[in-house]
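For reference, the structure is listed below as structure tokens.
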Amino acid sequence: MSKFYVTTPIYYINDKPHIGHAYSTIAADVLARYQRQKLGADNVFFAVGIDENSKKTEVSARAANMEIKPYTDLMAKEWQGVWDQLGISYSRFIRTTEPDHEAAVADVVQKIYDKGDIYKGIYEGWYCYKCEEFYREDELVDKKCPVHKSEVEFIKEENYFFKLTKYQDLLKRHIIDHPEFIQPASRRNEVLAFIERGLIDVSVSRANQDWGIRLPFDTSQVMYVWIDALINYLSIIGYPEQKFKDWWPASVQVVGKDIIKFHCIIWPAMLLSAGLDLPKQIVAHGFFTVDGEKISKSTGNAINPLDIVETYGNDALRYYLLTEFSFGGDGNFSHDRLAKVYQSDLGNDLGNLVQRVAKMIVQYLDGKLSDNTAHTHDTTQLESHIGEFHFELALKDIWTRIKGLNQMIDEEKPWVLAKSDMTQLSSVLNHVVADLLQIAELLEPFLPTTATKIQKTFAGPTVDASVGILFPRIEKN
Ligand code: MSP
């Protein structure tokens, strides 16, 4: 039986989750749920977690007037709590301060060291701790971090380096030979162009830092946080114990476009060095802006996904995030658009349909369903959209079917048939129900709560109208 292992980035804990983080996690959740339907729950592993060993953690704890450990515990609760409230179906939530993660990291890094791929050298250059990334002088903008526009730190110290350059050609070959490895193609081209310009070895440790995981072969240094963080994808499935092989190599690693260099260059090179298989696929999605602005802590425009959920519910958040832009491209989060699709797509197209059909069956057919086995219309196209991560197109396909059912009802006019042709009436309503039951199945990965409600309404011998309105009107205040 084939297995499916999907991961999300592990997020920094300098702040609470915002809709950008929720987007990656929901996208991975859709894949996990979809594969569970196909392969069975036991054959799917869905990894999520937090990246605690960053300097940002230390700085944020200090800013909150807390010791690091209680701060990380608090944030772990916060992040896991948000995923729970959003109904994210993760298999494990990992924290990079957990002992089994530290053991896995030590094992991988020691392997790379033993291979002769880590050497001592002098690091001299610019560092932005908010990015946790080194910059060349020519990458800085007005001598500041190109992303955060904040001060960068000049560092000169003795570090350990990973021989990234050694894997340059092998990696390039792999990317060219496996077009599916980096998706979408625009990102693959970006990575290839980056490799083409020539890689440099990466510093993998820091000399004057306390917070972090110590290098196994030189405990005076802590590991560069990215090296530790990437290994979470192995530790979460039990590495170095052999059971990790039940899941590795990962089927799909979902990341945002901001971290493709780490996932598509450094990570595979580390795996090659450690003698481990490469993930089958790394998928990079675009970024959300909020009303046209970059989401950032400093502008204070970060939207808490729970605030959306409180007004609209989980499925509306999922539907909106997944349909607002084409996977791979960027998108804009707008409250107006959210309110609009909530009312039109979810409320009118789907919610009203379910409610109308349930009511008519109760009214005209005593609530009795004569044939409620789900239809099995061809879903090849839908499956190919999901395979290409085009969730917006998959949902569009489902909505075409939903709109078709609304049209059928408008044309068949069951309220007229009720007076003239009971056989046709029953056939029309039962047909719509059987279609809705298949639609519910197709919707489950995207809108799990709604799917369950539709099934509950129509799965029995009689309609269960207790489910009520799927998407109630929101009163504007
Ligand atoms: N800790 C690292 C990842 C380590 S993975 C081994 C990190 N953390 S992060 O908290 O900054 O999260 C970055 C990720 O959050 C992005 O790659 C993306 O998945 C998600 N997003 C953050 N902001 C986003 C948007 N505005 N829009 C969409 N996704 C966004 O980098």
Side-chain angles (χ1 to χ4, degrees), residues 6-29 47-57 60 72 75-76 78-79 82-83 88 93-97 101 104-105 108 128-133 145 147-148 187 212-213 223-236 250 252-268 270-271 279 282-299 301-305 317 320-322 324-334 389 391:
V6 59
T7 70
T8 66
I10 51 167
Y11 307 104
Y12 291 129
I13 53 168
N14 55 314
D15 208 352
K16 295 175 180 176
H18 61 58
I19 48 153
H21 308 117
Y23 178 72
S24 308
T25 306
I26 289 170
D29 187 63
V48 301
I50 46 174
D51 189 353
E52 300 190 13
N53 297 315
S54 158
K55 182 160 178 194
K56 291 178 204 245
T57 305
S60 309
T72 60
M75 291 310 270
E78 172 76 36
W79 280 79
V82 172
W83 298 154
I88 302 300
F93 177 95
I94 196 169
R95 301 180 54 181
T96 52
T97 47
H101 171 69
V105 168
V108 174
C128 170
Y129 84 84
K130 291 183 185 163
C131 295
E132 291 285 14
E133 199 167 348
C145 163
V147 178
H148 294 95
R187 299 293 168 208
I213 300 181
M223 223 168 282
Y224 173 36
V225 64
W226 266 100
I227 301 297
D228 130 38
L230 288 162
I231 296 170
N232 95 84
Y233 301 130
L234 293 170
S235 38
I236 198 166
V252 180
Q253 302 211 253
V254 176
V255 298
K257 65 175 185 180
D258 56 329
I259 54 177
I260 49 176
K261 269 189 257 167
F262 296 100
H263 284 83
C264 302
I265 296 176
I266 299 180
W267 176 226
M270 284 166 63
L271 290 165
I282 301 162
V283 178
H285 62 72
F287 258 42
F288 264 110
T289 49
V290 170
D291 297 326
E293 299 274 329
K294 183 178 180 294
I295 303 178
S296 86
K297 199 177 176 181
S298 46
T299 51
N301 65 349
I303 294 174
N304 183 337
L317 173 73
Y320 178 66
L321 293 183
L322 295 167
E324 190 55 12
F325 62 78
S326 169
F327 202 85
D330 289 335
N332 183 49
F333 187 98
S334 130
F389 312 101
F391 303 132

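Order of listing sets the numbers, starting from 1, for every ligand and every atom in it.
Screening I10, I236, D228 for a side-chain contact (heavy atoms from CB on, under 4.5 Å) with H101, the sole residue that qualifies is D228.
If you take OG on S60 and OH on Y12, they are separated by 11.5 Å, rounding to the nearest 0.5 Å. E324 CD to N332 CG: the interatomic distance, rounded to the nearest 0.5 Å, is 7.5 Å. How far CD1 of I88 is from OG1 of T25: 6.0 Å, rounded to the nearest 0.5 Å. Rounded to the nearest 0.5 Å, atoms OG1 (T7) and NE2 (H263) are 6.5 Å apart. Taking CG of N14 as the start and CE of M75 as the end, the distance is 7.0 Å to the nearest 0.5 Å. Note that the OH atom of Y23 and the CZ atom of F333 stand 13.0 Å from one another [nearest 0.5 Å].
Shown here are the side-chain hydrogen bond (donor to acceptor under 3.5 Å, both in side chains) partners of T57, two or more places apart in sequence or in another chain: there are none.
Residue-ligand proximity: H263 is placed with a non-hydrogen atom under 4.0 Å from ligand 1. For K294, the heavy-atom gap to ligand 1 stays at 4.0 angstrom or more.
Proximity of H285 to ligand 1, defined as any heavy-atom pair under 4.0 Å, is confined to the side chain (atoms from C-beta onward). Of all the heavy atoms of E132, none lies under 4.0 Å from any atom of ligand 1, so neither backbone nor side chain is involved.
Below 4.0 Å from some heavy atom of S24 lie the following atoms of ligand 1, by number and element: 18 (C), 19 (O), 20 (C). Here is the list of ligand 1 atoms found below 4.0 Å of a heavy atom in P9: 5 (S), 19 (O). Heavy-atom proximity to H18, at under 4.0 Å, picks out these atoms of ligand 1: 22 (C), 23 (N), 24 (C). Ligand-side atoms of ligand 1 in range of Y11: 8 (N), 10 (O), 12 (O), 14 (C), 15 (O), range being under 4.0 angstrom from any heavy atom. Close approach of ligand 1 to G286 is summarised as follows: ligand atoms under 4.0 Å from at least one heavy atom of the residue are 28 (C). Atoms of ligand 1 found under 4.0 Å from any heavy atom of I259, numbered from 1 in the order shown, are 17 (O), 31 (O). Per-residue contacts place A229 under 4.0 angstrom from the following atoms of ligand 1 (heavy atoms of the residue considered): 6 (C).
Taking each of D258, I10, D51 in turn, the one with a heavy atom nearest to atom 17 (O) of ligand 1 proves to be D258. Of the options W226, Y233, F288, the smallest heavy-atom separation from atom 27 (N) of ligand 1 is shown by F288.
A salt bridge is defined here as a Lys NZ or Arg NE, NH1 or NH2 lying under 4.0 Å from an Asp or Glu carboxylate O, and K56 with D51 fails to meet this definition.
Protein heavy atom at the shortest distance from atom 29 (N) of ligand 1 is G20 O, 3.2 Å. In terms of protein heavy-atom proximity, atom 10 (O) of ligand 1 is closest to Y12 N, 3.0 Å.
Polar contact check, G256 against ligand 1: a nitrogen or oxygen pair lies under 3.5 Å apart.
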